[in-house]
Asker: 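Dropping a structure here in structure tokens format, bear with me for questions.
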Number of protein chains: 2
Amino acid sequence: MVTLEEIARLSGASRSTISRVVNNDPHVSDKTRMRVLEVVRRLNYQPNAIARSLAAGRTHVLGVIIPKRVTELFSDPYFPILLQGVSTACNSFDYAVTLWLADPEDELRFMSKVLHNGLLDGVIVSSMVLTDPLITALGASTLPFVLVGRHPSVPVVNYVDVDNISSAQTAVEHLFQLGRRRIATITGMSDTIAGVDRLRGYEIALREHGLPVLPEFIVDGGFSEEGGVAAMRQLLPLHPDAVFVASDTMAVGALRVLREAGLRIPQDIAIVGFDDTPAAARTEPPLTTMKQPIIALGELAVEALLHIIEHPDSGPRRIILPTQLIVRESCGAHLG
Amino acid sequence: MVTLEEIARLSGASRSTISRVVNNDPHVSDKTRMRVLEVVRRLNYQPNAIARSLAAGRTHVLGVIIPKRVTELFSDPYFPILLQGVSTACNSFDYAVTLWLADPEDELRFMSKVLHNGLLDGVIVSSMVLTDPLITALGASTLPFVLVGRHPSVPVVNYVDVDNISSAQTAVEHLFQLGRRRIATITGMSDTIAGVDRLRGYEIALREHGLPVLPEFIVDGGFSEEGGVAAMRQLLPLHPDAVFVASDTMAVGALRVLREAGLRIPQDIAIVGFDDTPAAARTEPPLTTMKQPIIALGELAVEALLHIIEHPDSGPRRIILPTQLIVRESCGAHLG
DNA sequence: AATGAAATTGGGAGCGCTCCCGATATGATG
DNA sequence: CATCATATCGGGAGCGCTCCCAATTTCATT
């Protein structure tokens, strides 16, 4: 292994000077800088990340925590895409990402280790679950963290999110404008903030137009494709003329049920999803949906976290990204 | 932050003794061990991972490298599932996982940093691409690594994989046994080992039964759903009575084309996929496919890597996991 | 009680770096 | 040329731990 000391010896400068050159400190004459860089390049010197971390008190490593329970239904590409955003941003800022797929069982055992062993400069958590003990533990620790998805249980936290309420509202509004009046909804898990908020947006939209909020028109699909299937079956006998489905994954299941039932989409029943996952463009018919900027969410989470690490005292950061209604064929807008 | 020194002071033992207790060294009397552990627990002491790494020369961090080009079509859940296996195994061995979604552009810049900055004890690479410069760079470095998916370009390496050739053979054989004689194939990218091997298995199976290998029956689908669509369209006019599709993702696309063309599956045309991704069970009709043990692949990759790290001189490790034919409805076996 | 072996403990050195402070070189100014 | 400010450089201390070796204690045995 090539060390600072060795470069110093070979280039005739001191350890400190080498460190300065490597870290782009301006207090080095051009002449010595050149001389040092030549040796650095020749030996392909890479500063030892561990030694650097120990001395500097900063590791340049961020953690991403994703509850395994969620990832086990990895049919939902939300997390991989989020990870991609996080990873891209970290690369560009010269940070490493460590991934922790948290198992609810060993959470307690690991949690305090992960939070206190000093390997991470900060963490990004995509928990969603309202009662997650992880969040409270995190709040009690001194480790900087940002949530992807807002969270009501911790008073002051940093998060990036989309406005699920108004996005859901937009989706339902769209159905209303197309003349639908018997609008049902398939919701996500009620112990997730996204699930709760999207339902709320649905309710608000109905109320705004003086439409009744019927309990039988609200069915839990648990954010899974199978859940979407079951929920749609339950809704079928009630003859809704539109369904706002709180995730594309569930919508895929719902569409299948409708096709099997011989209903024409969107003529007999219109569907709007949420997320704009890659699958949404390929359903039959293609799915109208609310597009979440998932990659951007991941990238901004990193930026926010780094900002907090640099400036611990600058107030909480809360970033809300806009969603976008992607109109395809399942809602009937193209029928004119 | 609580340090060893502090525990030493409070428990009246020396730094060395605390270290022994924390690391379960037997050379400590029960009495002092108890005394020390009491203080350790009281202060919730966590050994500093960075200091430990620097002193011990081992970081207990593994890297997972996945080329971003592949993950960008994250519709294929192969990588997320693999990641899950890797993560699970790492957790159980008390290792951390750092994720590197390698961008072909910055590969050169990052590569040498990642490989030489001493943060990783070893890496797991899921490259697939035959000409990946990453693999050669890795071969030239001293960092222990294992590949997920065998790779012909580096002579002696460690890998875990399934036998793609004989798996493909099994799949095609199955179609033959069901009486199909005009068997086509949609292949993966020809610059990936899995793509090449599965095609080879197809050819071998045909030859074994004296069936001709027709070039027009072999169409590249590039491992993507869109590719599967295009390939199936190309195949349609040739009236095959069966298609072996080298990935479930492509098979999903192929099935859609067949349905749109009004063909009955499996009566008019039988389909067998590869991977057994979650989507395979939900296609119409459900897809017969070769199941890859993806989670196990990830777990075994970790175990192999840790073994190599512990025993650098024990020869190369090559692990081949069995696949399994999952018979559903798309192949026609249930028709009797 | 003396002896020696084994068990237990403590302290020093060092992992490769950063950061601070003081030393030296350089150059501007009167 | 003297003086002082400024740019550049070097060395020491220390980050929190592990690992080795030597010191000390314990205990079985004669």
Asker: On DNA chain C, check which nucleotide each of B:Arg15 and B:Ala55 is closest to and give me the residue with the more 5' one.
Answerer: B:Arg15
Asker: Closer than 4.0 Å, any side-chain N/O of A:Ser19 to the OP1 or OP2 of C:dC19?
Answerer: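 Answer is no, no contact under 4.0 Å.
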Asker: What is the distance from CG of B:Asp30 to P of D:dT25, rounded to the nearest Å?
Answerer: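 Taking atom P of D:dT25 as the reference, CG of B:Asp30 is at 20 Å.
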Asker: For A:Thr88 and A:Glu299, does a side-chain donor sit closer than 3.5 Å to a side-chain acceptor?
Answerer: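 There is no such pair (donor and acceptor under 3.5 Å, judged by atom type) between the side chains of A:Thr88 and A:Glu299.
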Asker: Classify the nucleic acid contact of A:Thr32 as base, sugar-phosphate or nothing, counting any heavy atom under 4.0 Å across all strands shown.
Answerer: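 Counting heavy atoms under 4.0 Å across all strands, the contact made by A:Thr32 is with sugar-phosphate only.
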Asker: Could you state the CZ-P distance from A:Arg20 to D:dC9, rounded to the nearest angstrom?
Answerer: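 After rounding, the reported distance stands at 8 Å.
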Asker: Would you please test B:Arg52 and B:Asn48 for side-chain contact (heavy atoms from CB on, under 4.5 Å) and show each step?
Answerer: CA-CA 6 Å; B:Arg52 183 177 261 189; B:Asn48 182 292; over 6 Å; no
Asker: Specify the separation, in whole Å, of atom NE2 of B:His27 and atom P of D:dA22.
Answerer: 17 Å
Asker: With a 4.0 Å limit, can you tell me whether A:Thr17 has a side-chain N or O closer than that to the phosphate oxygens OP1/OP2 of D:dC9?
Answerer: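 No.
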Asker: Would the base of D:dG11 count as contacting A:Ser16 through its side chain, where contact means a donor and an acceptor less than 3.5 Å apart?
Answerer: yes
Asker: Does B:Asn48 place a side-chain N or O at less than 4.0 Å from the phosphate oxygens OP1/OP2 of D:dC15?
Answerer: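 Looking at the OP1 and OP2 atoms of D:dC15, neither is under 4.0 Å from any side-chain N or O of B:Asn48.
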Asker: Can a donor-acceptor pair be found, under 3.5 Å and without considering hydrogens, that links the side chain of A:Thr59 to the backbone of A:Leu119?
Answerer: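 Side chain of A:Thr59 to backbone of A:Leu119: a pair is present.
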Asker: To the nearest angstrom, how far is B:Arg58 atom CZ from D:dG16 atom P?
Answerer: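 Taking CZ of B:Arg58 and P of D:dG16, I get 23 Å after rounding.
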Asker: Is the shortest distance from a Lys or Arg side-chain nitrogen in A:Arg9 or A:Glu5 to a carboxylate oxygen in the other one below 4.0 Å?
Answerer: no
Asker: With nearest nucleotide decided by heavy atoms, which residue, B:Leu54 or B:Gly12, maps closer to the 5′ end of DNA chain C?
Answerer: B:Gly12
Asker: Whole angstroms only, please: what is the CG-C1' distance between A:Asp25 and D:dA7?
Answerer: 12 Å
Asker: Nearest-Å distance, CZ (B:Arg9) to P (D:dG16)?
Answerer: 13 Å
Asker: Find the distance B:Lys31:NZ to D:dT26:C1' and express it as a whole number of Å.
Answerer: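 My rounded result for the distance is 11 Å.
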Asker: So do the side chains of B:Leu62 and B:Ile309 get within less than 4.5 Å of each other, counting heavy atoms only?
Answerer: yes
Asker: Whole Å only: how far is the CG atom of A:Asn117 from the C1' atom of D:dG16?
Answerer: 13 Å
Asker: OP1 or OP2 of D:dG16 less than 4.0 angstrom from a side-chain nitrogen or oxygen of B:Tyr45, does that happen here?
Answerer: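 Negative; the distance criterion is not met.
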Asker: Does a side-chain N or O from A:Arg52 land closer than 4.0 Å to OP1 or OP2 of C:dG16, or not?
Answerer: no
